[in-house]
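Below is one structure, written out as structure tokens; the observations come after it.
We're numbering straight along the sequence, starting at 1.
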Amino acid sequence: MRLILILAVLVCSLTTVAGPFVPFEENGKFGLKNEAGQIVIPAKYDALGWSNGTFSVSGNVTGYKLGGTWGIVSVTNQQITQADYLSLMPAEGSLLIATKKSSPVVVSAGLINTEGKVIIPFTYAGVKVHSLRIVAFVRDGNKFKHGLISLENKVLIPFEYKNIYPIGSLRYAVEDFTGKIALYSEGGKQISGFTIDSLSSFKQDVAIIYENGKQGLINREGQLKSEAKFREITITPGGIHARMPDEWRVMTAE
């Protein structure tokens with residue numbers, strides 16, 4: 001038993017690859033070396049890293065390019081996927097944003113993990129990962145309509161909006177096609193009306209709202225702490241400072 005354990009430790013030590021890793025080029029092809037200068041991936045790929053031109057290792061894997069398309073390869077030179085993707089970029093954690101052709105003329109986006117498993121199917125025009133939520137969008141004629149989905153591909157905010165973006169932990173700004181914004185929770189609950197022109201991120205559990213050229217305050221539950229009547233509001237560690245609009249008086253020369 002002791003001999004088996006020693007052999008197991010020796011095998012593990014032999015297959016462990018040091019990091020960090022540096023791509024290298026040889027005869028127009030790319031490979032990977034570890035920090036000791038040892039070749040861990042031979043120079044046989046058109047590119048290593050990601051389709052946006054950056055290089056990094058995520059979960060002991062990186063992207064590789066062959067013949068114009070991308071796949072996943074481990075730092076021990078094991079191909080995790082075939083080169084099936086038009087683009088491949090790291091997102092948060094073990095997630096990767098990928099695109100592929102869903103028809104001869106349509107490119108669709110989805111999410112896979114570093115093991116090559118499809119997490120979000122390739123049914124969207126684009127996806128953006130925000131922690132445990134994904135802002136996705138679909139094409140509807142000449143418009144892109146945004147929605148919010150979970151990692152289980154459950155629709156939390158329907159695909160009816162011009163834009164959706166996070167404004168702090170567990171809160172999202174949702175913009176309709178008239179340019180007005182409402183506040184939503186990460187669970188898809190609407191907690192303010194579509195009356196806001198723009199919205200800051202939350203600080204001290206309040207955000208600055210902009211309506212008709214003036215500023216006010218809203219809390220995380222969608223309650224107005226101050227209506228939009230100020231020229232300027234500043235949130236600092238020392239407190240919240242507000243400035244009323246200038247007032248003008250028209251006078252004659254006398």
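The main-chain N or O of S74 is never found under 3.5 Å from a side-chain atom of N60 such that the two would form a donor-acceptor pair. Side chain of E26 to main chain of A43: no donor-acceptor pair is present (N/O by atom type, distance under 3.5 Å, no hydrogens or angles). S108 places no side-chain N or O within 3.5 Å of a backbone atom of T123 that could act as its donor or acceptor partner. Listed for the S201 side chain is no donor-acceptor partner under 3.5 Å among the backbone atoms of G168. Checking side-chain atoms of T62 against main-chain N and O of S56 turns up a donor-acceptor pair under 3.5 Å. With hydrogens and angles disregarded, no donor-acceptor distance shorter than 3.5 Å links the side chain of R220 to the backbone of L170. No donor-acceptor pair under 3.5 Å is formed between the side chain of Q215 and the backbone N or O of F230. Without hydrogens or angle criteria, S94 side chain to N113 main chain gives no donor-acceptor distance under 3.5 Å. A distance-only check finds a donor-acceptor pair linking the side chain of Q204 to the backbone of T236 [under 3.5 Å].
Counting only heavy atoms from C-beta outward, the side chains of L224 and L217 never approach each other to under 4.5 Å. The shortest side-chain heavy-atom distance between K44 and Y64 does not fall under the 4.5 Å cut-off. Counting only heavy atoms from C-beta outward, the side chains of K145 and F177 approach each other to under 4.5 Å. I218 places a side-chain heavy atom less than 4.5 Å from the side chain of L199.
Cation-pi geometry between R133 and Y172 is not met: the NZ or CZ atom fails to fall both under 6.0 Å from the ring centre and inside 45° of the normal.
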Could you go through R171 and I191, starting from their C-alpha distance and side-chain angles, then the distance that decides it, and tell me whether this counts as side chain to side chain contact (heavy atoms under 4.5 Å, CB included)?
CA-CA 10 Å; R171 293 294 181 267; I191 51 183; 3.5 Å; yes

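The pair D197-K180 meets the salt-bridge criterion, since a charged nitrogen lies less than 4.0 angstrom from a carboxylate oxygen. In this structure, D246 pairs ionically with R231, as a charged nitrogen and a carboxylate oxygen lie closer than 4.0 Å.
For the residue pair T114 / S58, no side-chain donor-acceptor distance below 3.5 Å is found, with atom types taken as modelled.
Classified by interplanar angle (parallel below 30°, tilted 30° to 60°, perpendicular above 60°), the ring pair Y124/F159 is parallel.
A distance below 6.0 Å separates the ring centres of Y161 and F194.
Around NZ of K214, the count of heavy atoms belonging to other residues, nucleotides or ligands within 6.0 Å does not exceed 12.
To the nearest 0.5 Å, the span separating CD1 on I80 from CD on E115 amounts to 8.0 Å.
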